[in-house]
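Every number for a ligand or one of its atoms is a count from 1 in the order of the listing.
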Amino acid sequence: MNEQTRIAPNNLEAFWMPFSANRQFKQAPRMFVAAKDMHYTTSDGRQVLDGTAGLWCVNAGHCRPKITEAIQRQAAELDYAPAFQMGHPKAFELASRLATIAPEGLDHVFFTNSGSESVETALKIALAYHRAKGDGARFRLIGRERGYHGVNFGGISVGGIVGNRKMFGTLLTGVDHMRHTHDPERNPYSKGETEHGVDLAEDLVRIATLHDPSTIAAVIVEPVAGSTGVLPPPKGYLKRLREICDQHGILLIFDEVITGYGRMGTAFAADYFGVTPDIMITAKGLTNGVIPMGAVFASGKIHDAFMSGPEHLIEFAHGYTYSGNPIAAAAGLATMETYLEEGLFERAKALEPVWADAIHSLKGTRHVIDIRTIGLIGAIELEPMKGEPTKRAFAAFVKAFEEGLLIRTTGDIIALSPPLMVSEDQIGEVVETLRRILQTLE
Ligand code: PXG
């Protein structure tokens with residue numbers, strides 16, 4: 001590490017940090033200054049094992065040479081090209097490459113810069129698709145309680161996290177929500193899909209009946225809800241949603257921002273569950289988190305519905321200055337190369353049972369009331385402190401950081417999602433550090 005990276009900033013005031021307790025953080029800052037493979041380096045020179053792939057995005061591990069070099073090369077060769085009415089080869093190359101790993105039929109790709117933008121893009125594609133087909137009466141969007149679809153207005157409207165919604169007025173109209181699938185009483189300590197709860201898919205029938213199915217444009221769900229504490233779907237649930245959508249001409253959107261790019265041991269959760277959506281939202285692992293980029297996949301049926309009218313006219317009035325940005329596209333291509341060369345998706349698949357057994361070995365540890373694992377994702381739910389929800393899990397987060405392990409917490413749930421290059425020894429380290437910490441926590 002060079003001298004420069006060791007210097008900690010001496011003024012923390014100006015940066016208004018996202019989704020952070022700003023005042024508390026600034027009293028006792030936690031800073032990373034470097035990273036390599038499975039570890040971060042802190043500003044005081046300690047190594048921290050990355051149990052969360054950054055924020056669920058660094059699937060290939062940190063500062064991987066292929067990706068670093070691709071970005072350096074691209075920055076020196078073509079830094080930026082206009083995204084509208086102009087092109088550059090790498091955006092086309094990346095889209096074609098992504099289409100080859102996507103579930104069959106999802107062969108068109110729209111680039112964005114984040115998960116949140118991918119969500120907005122997907123919702124707009126869904127509405128505009130029906131209208132392009134002359135079915136503009138389909139204007140309703142259906143989400144789910146405990147859903148997280150980023151932080152923009154469409155996403156918080158279909159999302160189901162009250163804390164992310166309550167401050168922001170009336171949101172989108174014409175939105176309804178299915179019930180969530182979290183039911184630890186019926187599905188305690190689950191591995192993979194949960195046994196009970198397929199019946200919850202019938203909630204879509206109830207909502208469709210209430211509004212009339214002909215008014216519903218799309219249903220959006222995370223195949224595995226991530227941010228609200230890792231909620232795997234009940235067996236058969238996603239298949240049933242697919243059936244109901246097909247029966248009523250409703251589009252099914254999967255938000256795979258967390259589950260995409262190998263996190264489940266398959267390219268996408270759609271492959272893991274054997275259910276193909278009409279539109280698939282991705283970001284994060286697309287560029288290994290290194291450069292902001294998102295990609296929305298659409299079926300040929302959807303794409304082609306837009307390709308009518310005079311050829312000189314813009315078919316879809318949507319896009320971003322940085323859609324398909326050259327450096328992001330180069331990062332995406334190098335990331336795909338790294339996943340493939342190192343067989344990281346297969347590695348995640350082989351590790352799934354090892355991971356599940358290791359995390360579930362925490363059953364019975366102090367404060368633990370439930371554990372869920374699926375793919376290379378794990379959640380350890382803690383009993384909240386009386387009258388002070390989230391406090392115990394946050395204490396675990398701070399203690400883990402001090403002891404050299406990065407975890408995420410949401411409410412009183414610890415969420416884990418290491419880079420797919422994690423070794424069995426490192427999985428053991430994650431579990432033993434947590435076991436030790438939980439025993440000492442108030
Ligand atoms: N959809 C899903 C399913 C997500 O998980 C987004 C959309 C939004 O992505 P952007 O790139 O706009 O942040 C997300 C993001 C956490 C955590 O710890 C989760 C996310 C982001 C940051 C933290 O649970 N998910």
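Under 3.5 Å, the side chains of His149 and Asp255 contain a donor-acceptor pair of N or O atoms.
Annotation: side chain to side chain contact (heavy atoms under 4.5 Å, CB included) contacts of Ser116 (sequence neighbours excluded): Ser114, Val151, Asn152. Every residue meeting the side-chain hydrogen bond (donor to acceptor under 3.5 Å, both in side chains) condition with Glu432, not counting sequence neighbours, appears here in chain and number order: Arg435.
We find that Glu342 and Arg64 are joined by a salt bridge, their nearest charged nitrogen and carboxylate oxygen being less than 4.0 Å apart. A salt bridge links Glu337 with Arg97: the closest approach of a Lys/Arg side-chain nitrogen to an acidic carboxylate oxygen falls below 4.0 angstrom.
Around ligand 1 you find Leu55, Trp56, Ser114, Gly115, Ser116, Tyr148, His149, Gly150, Glu222, Ser227, Asp255, Val257, Ile258, Lys284, Arg408, each with a heavy-atom distance below 4.0 Å.
A side-chain hydrogen bond (donor to acceptor under 3.5 Å, both in side chains) check over residues 222-235, counting only residues at least two apart or in different chains, returns the pairs Glu195-Lys235.
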